[in-house]
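What follows is one structure encoded as structure tokens, with my remarks underneath.
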Amino acid sequence: EESLRIQGSLWRVGIFDITGIVDRSPLAHSLTPAPTQVVILQFHQSPLSPLSTRSQVSPPSHTPAPVTHYQTNIVFGGISRNDPYQNSPFWQEFDSTMPRLSSVARVAAVALGVVYIIFNVIFIREHHKIFQANSTDLASEFFQEPRRTRARTPAPGKKLKLHKEAHEILSSPKLPTWVKDYAKWHEQQRQRHFEARRNNETSDVRFLISRCLLKDSCGGASDRLQDMPYNILIANKTRRVLLVKWERPAPLETFLVPPEGGVNWTVPDGMFDEGTDFGLRKKETREDKIVSVIRRDSAAPIFRKYEIDEVGYKIYHEIFRLLFKPSDALAERVHSTMSKLELTPSNYSSVHLRVKYPVSGINEKEFTFEKHKSQIIGWATNAVNCAAELHPNSTIYVSSDNNDTVGYLLEESHFAQHFLEVEKRRREGLHSPPLVIKLVARDYSQENHHVEFSNNKEAEGFMSVFEDMTIMGLGKCVAHGLGGYGRLAAALSGAECVVAHRGRHAKTCSDVLAKNRANFE
């Protein structure tokens, strides 16, 4: 369908296959069903109201009301004036004009009109893809085929936006004023400290350092990072400059860096004297110049309570991104993976499976997939069902601390088999079920190394840990299990679309494909 403006008047052209659809289309209902293909020109003296879309068209339940415009049918092979409006002002104007034209002019006028119509017919057919089909195909294409959530693939060469800019976060009216004030104050205090160092003066700036030094027992990535929004809250209350210092498995800057204009937590060489006492486990409220902490296991729940009681909405993810963005190396990996998997922020969901968590007789050091396969299949199946309930027809990104678990879901599970069957039906032009679950993952040939327990000494070996965390945090929904890693990813996603598929507050989700098959059949 296309609206055309010809000499100041609105015309509408539509191409219809009359066979089997006359009773289905109100526009074609009044036509003589003799021609198989017909071009309908509608001339309106008043502005048009948009025609109903195909999804809104239904068989008329009563005789259509008389049309209020003038209509003529132009059939391939000739012009038909056999309509109920031969005495309308349209044709009276036409008949009064034609005698004044010479026979040559008449032929030229008709020829130009036909050429003009044919040109627009071709244009409409090509650009709007109005297909000629039998009634069954037409009905299934326009009335039965469900809409599916499709990820918008970035244009070639265009970088995905992996991090909200600091100035966007700081300009948000939802961000508490104290956070904005602290960000400014933090930068001013850093400058004061370095100026005092350059002048060989004693700095009176006090610090709170989140640390993981070589001899510290720090926990995994989430253990070290989940308390950072709480740390900035404490640093603001005690008027301390928040810093982060990691020595293992590598400096945190290998994976995450401060965003430009955000809170610069780095500890460059020369910031403190060699052998400085970092004051582990001293109280932040004391007058000590430096106080450092390793991990605060209760920090995330305390901050969530602060969000509920004092803020009224989620700000955890905003404060976290005021502190951290992916390093160049990590950003390159994340962008490459998301582009290959056709993921765009907020248009997919994620599942995390911490299958080696040391409960229910599981020993992380002796763990094997085959030994616990039946348990893992149950956990994994419930996790995907929960994610599919949260975000139907979305692509689901799968992450786990065990690569065989990821491989099972993507290669052997009934979700994978169902997806292959649907793709085959689509290629063959057959109807497909209304729900499709597409599971994807980064290269899972190598397992994620646990940041605390792994014997790996190379920083590159831990990059995938931060890659999964970043990708899950950019999605719309997260289904997580035991451990803090999945909960951290859920918090980074905004925590508005989250479900626990395993644990004390877990939800047991129904088999979405079983319901899908029943509805389809």
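Just so you know, these numbers use all the heavy atoms, side chains as well, and skip hydrogens, waters and symmetry mates. We number each residue from 1, following the sequence as shown.
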Side-chain atoms of residues 463-472: list all donor-acceptor pairs with protein atoms under 3.5 Å, sequence neighbours left out, distances to 0.1 Å.
unit_1: S464; atom_1: OG; unit_2: N448; atom_2: OD1; d: 2.6
unit_1: E467; atom_1: OE1; unit_2: R333; atom_2: NE; d: 3.2
unit_1: E467; atom_1: OE1; unit_2: R333; atom_2: NH2; d: 3.0
unit_1: E467; atom_1: OE2; unit_2: T337; atom_2: OG1; d: 2.5
unit_1: D468; atom_1: OD1; unit_2: Y397; atom_2: OH; d: 2.6
unit_1: D468; atom_1: OD1; unit_2: R442; atom_2: NE; d: 3.0
unit_1: D468; atom_1: OD2; unit_2: S399; atom_2: OG; d: 2.9
unit_1: D468; atom_1: OD2; unit_2: R442; atom_2: NE; d: 3.4
unit_1: D468; atom_1: OD2; unit_2: R442; atom_2: NH2; d: 3.3
unit_1: D468; atom_1: OD2; unit_2: N448; atom_2: ND2; d: 3.1
unit_1: T470; atom_1: OG1; unit_2: F466; atom_2: O; d: 2.7

Side-chain donor-acceptor pairs under 3.5 Å in residues 206-214, sequence neighbours left out?
unit_1: R206; atom_1: NH1; unit_2: R286; atom_2: O; d: 2.9
unit_1: R206; atom_1: NH2; unit_2: T238; atom_2: O; d: 2.7
unit_1: R211; atom_1: NE; unit_2: D216; atom_2: OD2; d: 2.9
unit_1: R211; atom_1: NH1; unit_2: S292; atom_2: OG; d: 3.2
unit_1: R211; atom_1: NH2; unit_2: D216; atom_2: OD1; d: 3.0

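Considering all non-hydrogen atoms of both residues, Y182 and L242 come closest at OH-N, 3.0 Å. Across M228 and V244, no two heavy atoms sit closer than the pair CE-CG2, 3.5 Å. P326 approaches A331 most closely through the heavy-atom pair CB-N, 3.9 Å.
Just one of E195, R192, Q189, H193 meets the side chain to side chain donor-acceptor pair (under 3.5 Å) condition when paired with S203; it is H193.
Within 6.0 Å of OH in Y357 there are 12 or fewer heavy atoms belonging to other residues, nucleotides or ligands. Counting heavy-atom neighbours within 6.0 Å of Q446 CD, excluding the residue itself, gives a total of 12 or less.
Inter-residue side-chain proximity for W379 and T405 is flagged as unmet; no heavy-atom pair is nearer than 4.5 Å.
Shown here are the side-chain hydrogen bond (donor to acceptor under 3.5 Å, both in side chains) partners of T381, two or more places apart in sequence or in another chain: there are none. Residues passing the side-chain hydrogen bond (donor to acceptor under 3.5 Å, both in side chains) test with N403: none are found, sequence neighbours excluded. Partners of H317 under the side-chain hydrogen bond (donor to acceptor under 3.5 Å, both in side chains) rule, at least two apart in sequence or in another chain, do not exist in this structure. For Y230, there are no ring pair (Phe, Tyr, Trp, His ring centres under 6.0 Å) partners at least two apart in sequence or on another chain. For N382, there are no side-chain hydrogen bond (donor to acceptor under 3.5 Å, both in side chains) partners at least two apart in sequence or on another chain.
The disulfide (SG to SG under 2.5 Å) contacts involving residues 325-394 comprise C386-C509, where partners must be two or more places apart or lie in separate chains. Within the structure, no pair that satisfies the side-chain hydrogen bond (donor to acceptor under 3.5 Å, both in side chains) test touches residues 475-488, not counting sequence neighbours. For residues 241-264, the set of pairs meeting the salt bridge (Lys or Arg N to Asp or Glu O under 4.0 Å) definition, not counting sequence neighbours, comprises R248-E452. Note on residues 394-434: no pairs pass disulfide (SG to SG under 2.5 Å), not counting sequence neighbours. Applying the side-chain hydrogen bond (donor to acceptor under 3.5 Å, both in side chains) rule to pairs touching residues 319-332 yields K159-E332, sequence neighbours excluded.
Using modelled atom types, no side-chain atom of S172 and backbone atom of I169 make a donor-acceptor pair closer than 3.5 Å. Without hydrogens or angle criteria, Y306 side chain to P301 main chain gives no donor-acceptor distance under 3.5 Å.
There is a side-chain donor-acceptor pair under 3.5 Å between S510 and E389.
A cation-pi contact, defined as under 6.0 Å to the ring centre and within 45° of the axis, is absent between R190 and W185.
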